[in-house]
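Data block below; observations after.
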Amino acid sequence: MAESAKTEEKRRAWGDEEPETEEDSPSADVAPVVDAGEASELKKIEELSITEKKGPLSDPEESEIQAVTSGNTVYEAAVKFEDLSLSKELIKGLYVEMGFTRPSKIQAVSLPMILTPPYKDLVAQAHNGSGKTTCFVLGMLSRVDPTKEGPQAMCICPTRELAQQNQAVLMRMGKYTGITSMCAIPTDSASYVPMYKRPEVKEHVVIGTPGTIKKLMTAKKLRTWNIKILVFDEADHMLAEDGFKDDSQRIMKDIRRESGGCQVLLFSATFNETVKSFVSNVVSDGNQIFVKKEELTLEKVKQYKVQCYRERERPNERLKIEVIKKILEFGEKIGQTIIFVRTKESARNLHKQLSNEGYECTSIQGALNTEDRDKIIKEFKDGLTQVLITTDLLARGFDQEQVNLVINNDLPVVYESLKRGSPEPDCEVYLHRVGRTGRFGRNGAVFNLLGSREEEALLEMIEHHFQHSIPKVDNWEDDKSIAKAIQDAGLK
DNA sequence: AAAAAAT
C-alpha cells in the first residue's frame with residue numbers, strides 16, 4: 001500500500017506528461033546560451049544560469065536541450081514551482097489538483113522565459129510526454145487577471161480532441177483561480193448555432209481549432225484586444241505548408257495587431273528544418289529551445305519491426321492481421337493499445353475484421369460525427385475500451401498514460417512523395433505516434449508492421465533519420481517471440 | 001491522404 005502510494009507520487013512528480021524517472025536525471029543538460037534574435041549584437045548574449053545542486057552545466061555537445069535567449073534578460077531555471085512567483089491559487093492547483101512536486105526539465109527552463117517580463121515570444125521543443133502542456137497552460141493561467149472579463153489568453157490546436165484535452169488540463173490546474181475557459185471547436189450539425197446568434201465570448205481563456213476561432217473572430221464574437229498570450233500547440237504542424245500555416249498566420253497577425261503586441265508561444269516535440277527556419281522568422285525576437293533529432297527518441301519505449309510479407313509472394317494484408325491478433329493476445333492484459341492506420345477506410349476495415357474475429361476494439365477517424373468522436377475518446381480515456389484504431393487524428397498530443405502498446409499497421413508517409421512515386425516516411429509523425437506511449441516515464445512498446453519490401457525501406461529511412469536502429473522480431477508465428485519482445489520492453 | 005471547417 002505504502003509502496004504503491006510512493007510510486008504514484010513519484011510518477012506524478014514532474015508534470016502532466018513527464019517521462020523522467022530517475023531522480024538523478026541530468027537536469028543540467030541545458031546548454032549555455034547564444035543569441036538568436038539579434039545576431040549582430042553579440043554582446044547581448046547571456047548565459048542561462050542554471051542553479052542546480054547537482055553541479056555545473058554539462059558539455060553543450062551532450063545536451064538534450066539547446067536554449068537560446070534573445071535580448072538582455074537573464075533567466076534562471078526554476079528548481080521549485082515557488083521560484084516562479086505564481087499566485088498561491090495556482091501553486092495549490094499544481095500540488096493538490098495535479099499532484100506535481102517539482103518542475104520537469106522543460107518546465108524548469110521554459111517557465112522563467114514565459115513568465116518573466118518583457119514576456120518574450122518563445123519557440124520550445126521538448127520530448128514527447130515531457131510536460132509541455134503544463135508549460136503553456138501555466139503561462140496562460142498566470143497571465144490572466146480573473147477580475148477582468150473577456151478573453152486574455154488563447155491556444156490553437158490541430159484537432160478538436162487536443163483542444164478538449166488541453167482545456168481539461170487548464171480547468172484542473174486553474175481550479176482555485178476562478179479563471180474561466182471555453183472550447184472553440186466544431187459541434188455536430190444538430191446543435192450548431194450560427195455565429196451571428198452566438199453571445200460574445202466572456203471567458204478568460206479560449207482553446208480551440210483554427211476554423212472555429214477564425215469564425216468567431218470575424219463575427220466579432222471573440223474580441224482579442226485584451227489577449228496577452230497566444231499559444232500554438234503542435235506548432236510545427238500549425239505552421240506547416242501542408243498543415244494550418246495560412247489560418248495560423250492570419251490569426252496571429254490579427255491578434256498581434258488588435259492586442260498591440262502579445263506574447264506568442266510555439267510548442268512541439270518536432271520541428272523539421274523547413275519549419276524551423278520559418279519559425280525563426282515568426283518569432284524573430286523570441287527565445288528558443290531546441291532538441292537535436294538524434295536525441296528525441298524515447299529511451300523507455302522499445303521499438304520493433306515485424307516482417308508481414310513473404311519473399312516472392314504478393315503482399316497479403318491477412319498477415320498483418322494475424323500479427324496484430326498475436327500482439328493483442330499478450331497486450332490486452334497489460335494496458336491499452338493504439339493501432340495507427342493510414343486511411344479512414346482502413347480504420348473502418350481493420351475495426352470490422354478484428355471485431356468479427358472476436359477481438360474487441362473501437363476506431364476513430366475524422367469522418368465520424370463529433371458526437372461519436374467524443375464518445376469513443378471518453379470510453380478509451382475511462383478505460384472502458386482496451387484497443388483503439390485510429391488515423392493520424394490521434395498521432396499528436398493525445399495523452400492517456402495507460403497506453404503501453406502502439407502498433408503501426410501502416411507507416412506514415414509524406415503525401416507529396418507518394419504522388420511523386422518515391423515514397424518517403426513522415427519521420428515527425430512517426431515520432432509523435434511513438435510518443436503516445438511511454439508517458440510519465442513509463443515503459444512502452446511499438447510494433448511496426450511491414451507489409452512489403454517498400455515498407456521495410458521506409459522504416460530504414462526512419463531509423464537513419466533518428467540514428468536509432470530498430471530490431472526485427474523473427475518467427476512471429478511462434479507465440480514466444482512476441483511475448484519476449486513485450487517482456488523485453490518492460491511490460492508484463 | 002490525414003487533419004479543420006460551417007468560407
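Lettering follows sequence order; numbering is per chain, from 1.
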Which of these nucleotides, [options], is closest to any side-chain atom of [X]?
X      : options             : answer
A/T343 : B/dA4, B/dA6, B/dA1 : B/dA1
A/T212 : B/dA1, B/dA6, B/dA3 : B/dA6
A/Y415 : B/dT7, B/dA1, B/dA3 : B/dA1
A/R342 : B/dA3, B/dA6, B/dA1 : B/dA1
A/S189 : B/dA3, B/dA2, B/dA6 : B/dA6

request  = Test side chain to side chain donor-acceptor pair (under 3.5 Å) on A/N349 and A/S346 and set out the steps.
outcome  = CA-CA 5 Å; A/N349 289 341; A/S346 41; over 6 Å; no
Take the protein atom [atom1] of [X] and the nucleotide atom [atom2] of [N], then report the distance between them rounded to whole Å.
X      : N     : atom1 : atom2 : answer
A/R433 : B/dA3 : CZ    : P     : 12 Å
A/L394 : B/dA4 : CG    : P     : 10 Å
A/Y430 : B/dA1 : OH    : P     : 24 Å
A/R348 : B/dA1 : CZ    : P     : 12 Å
A/L222 : B/dA6 : CG    : P     : 13 Å
A/N409 : B/dA2 : CG    : C1'   : 15 Å
A/E416 : B/dA1 : CD    : P     : 12 Å
A/D246 : B/dT7 : CG    : P     : 18 Å

inquiry  = Checking A/E379 against A/T385 for the side chain to side chain donor-acceptor pair (under 3.5 Å) test, could you report, in this order, the C-alpha distance in whole Å, the side-chain angles of both residues, the deciding distance, and whether it holds?
reply    = CA-CA 6 Å; A/E379 284 172 351; A/T385 48; 5.0 Å; no
Counting any heavy atom closer than 4.0 Å, what does [X] reach on the DNA or RNA strands: base, sugar-phosphate only, or nothing?
X      : answer
A/P210 : nothing
A/T187 : base
A/K215 : sugar-phosphate
A/D242 : base

query = OP1, OP2 of B/dA4 versus side-chain N and O of A/R373: anything below 4.0 Å?
reply = yes
ask   = At under 4.0 Å, does any side-chain N or O of A/T391 touch on OP1 or OP2 of B/dA1?
value = no
ask   = side chain to side chain donor-acceptor pair (under 3.5 Å) with A/R223: which residues, sequence neighbours excluded?
value = none
query = For residues 384-414 of chain A, which residue pairs qualify under ring-ring contact (aromatic ring centres under 6.0 Å, His included), counting only residues two or more places apart or in two chains?
reply = none
ask   = How are the rings of A/H237 and A/F244 set to each other: parallel, tilted or perpendicular (split at 30° and 60°)?
value = perpendicular
